[in-house]
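One structure is given below, encoded as structure tokens.
Just so you know, ligand 1 is whichever comes first in the structure, and atom 1 is the first atom listed for that ligand.
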Amino acid sequence: MPTENVSKVSMVGKGNANIVVSFGDDKKVLYRLSIRYGESLEANNEYSLINWRFIQRKIVPKLGIYLCSMELVNLELTAELAQLYSSYVTINPAKPDTIISFKLPNLKPSVHFTNCIYRDHQTVLYSHSYQDSFIMEIKPKWLHNPLEYCRNCTHNKYKGRNISYCYRNLLFEKGDYLKDILSSSNISNEKLNVMIQYFCKEDNVLQKIYNEQLNTYQQVQNGNINELPLLMTLRDVTCFIRWNFSSNGEDSLLHSNVKASIIDVDLKPSEKKQHWVRMENILNSFDKKVFH
Ligand SMILES: O=P(O)(O)O[C@@H]1[C@@H](OP(=O)(O)O)[C@H](OP(=O)(O)O)[C@H](O)[C@H](OP(=O)(O)O)[C@H]1OP(=O)(O)O
Ligand SMILES: Nc1ncnc2c1ncn2[C@@H]1O[C@H](COP(=O)(O)OP(=O)(O)OP(=O)(O)O)[C@@H](O)[C@H]1O
């Protein structure tokens, strides 16, 4: 694994279990550092290695070209990086002097995609500052839903989120439903129609995630309980979808190319099982379940 010596660290993103940073002026490349285990850097390094093997063995064969490319690298623990990282994880000065991280392309080069035109917990829409280009960052959650109620909408309601749409509907209503999701974004109808076309395609990223969730769910149902963490990983991915628009001068028809990438495919630690059972019980007895 290569070791990279880096400086001028900037924070790009933060989730529940990772921070995402860039170094120097290069905003095209990001580094994703696990902060899942606050008690020690060593525990995170150990987890990152196990996670990397899991992704290569289980996720790459399933998601293939949809998966964002990534590389495993050692980051030298400079004083600057240690200062930032120690806000989340305890660093023992006598222990490792590198952080194992995932190096990946920046799917939203922030110098250009500065305009956020829509945001809620499961969707963010950005527009480019001067090109005709949009990025949607979405968390579609349980696209395959084996429950009698909608897991996504019930879960959002339980968490007190006022989100009126569901990515399962976008998958099954084949595109048009995107208008409901982005109704308050002011995006032009012409562009919205081009974006809708993507979600009508058989091989759109939601369909891919649905297929893999269904396959893995069936494996678990058939007794392969060891695949439950994989199923939970597939139910918690994030997708970036980018549209670059161009209009043809002669007929002024709008054309676009589109690229979808999946990130956040981390191995769920097996100790989360109790959390999943607890959440399932809470939602099963929740009195404001959503059905659709
Ligand atoms: O437990 P849930 O269903 O609330 O889902 C958690 C997510 O909540 P959300 O669906 O966004 O409200 C939660 O997302 P947030 O940090 O709340 O955005 C995490 O993705 C968490 O996974 P991990 O522990 O970081 O690996 C997720 O945990 P898992 O259930 O996927 O293990
Ligand atoms: N390759 C990337 N390009 C651009 N932004 C990214 C990239 N990877 C992560 N991010 C940003 O960083 C944020 C946090 O990253 P990530 O989702 O990997 O964290 P996490 O801890 O796994 O999240 P969660 O809380 O869902 O478990 C993302 O929501 C996204 O905005």
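In this structure, the ring pair (Phe, Tyr, Trp, His ring centres under 6.0 Å) partners of Tyr165, at least two apart in sequence or on a different chain, are Tyr167.
Considering backbone and side-chain N/O of Val20, none are found under 3.5 Å from N/O of ligand 2. Taking only nitrogen or oxygen atoms, main chain and side chain alike, Leu30 does not reach within less than 3.5 Å of ligand 2. Checking only distances, Asn16 does come within under 3.5 Å of ligand 2, N or O to N or O. Polar contact check, Val12 against ligand 2: no nitrogen or oxygen pair lies under 3.5 Å apart. Between Asn18 and ligand 2, a contact under 3.5 Å exists for at least one N or O pair. Considering backbone and side-chain N/O of Arg32, one or more are found under 3.5 Å from N/O of ligand 2.
A distance limit of 4.0 angstrom between heavy atoms and ligand 1 selects the residues Asn16, Ala17, Arg36, His121, Lys139, Lys141, Arg151, His155, Lys159, Arg161, Asp236, Lys268, Lys272, His275, Trp276, Met279.
Judged by the 6.0 Å distance and 45° axis criteria, Lys191 is not positioned over the aromatic ring of Phe134.
Of the candidates Ser22, Gly15, Gly13, Ser69, the one placing a heavy atom closest to atom 19 (O) of ligand 2 is Gly15. With Ile263, Asp264, Val124, Leu104 as candidates, the residue nearest to atom 9 (C) of ligand 2 on a non-hydrogen basis is Ile263.
Heavy atoms of other residues, nucleotides or ligands lying less than 6.0 angstrom from CD of Glu80 number more than 12.
If you check which protein heavy atom lies closest to atom 31 (O) of ligand 2, you get Glu137 OE2, 3.0 Å. If you check which protein heavy atom lies closest to atom 3 (N) of ligand 2, you get Leu107 N, 2.9 Å.
Taking every non-hydrogen atom of Lys139 and a distance limit under 4.0 Å, the qualifying atoms of ligand 2 come out as 26 (O). The atoms of ligand 2 that sit less than 4.0 Å from any heavy atom of Phe240 are 4 (C), 5 (N), 6 (C). Residue Asn106 approaches ligand 2 through these ligand atoms, each under 4.0 Å from one of its heavy atoms: 3 (N), 4 (C).
Ring geometry for Trp52 versus Phe102: interplanar angle over 60°, hence perpendicular rather than tilted (30 to 60°). A perpendicular orientation is assigned to the rings of Tyr210 and His144, their planes being inclined by more than 60° (bins at 30° and 60°).
With Phe240 as the partner, the side-chain contact (heavy atoms from CB on, under 4.5 Å) test is satisfied by one option alone out of Leu107, Val205, Val124, Ile138: Leu107.
Tyr47 places a side-chain N or O within donor-acceptor distance of the main-chain N or O of Leu267, the cut-off being under 3.5 Å.
Taking 4.0 Å as the cut-off, Pro105 counts as a neighbour of ligand 2 on heavy-atom distance.
Checked for salt-bridge contact, Lys289 and Glu148 miss the test: no charged N lies under 4.0 Å from a carboxylate O.
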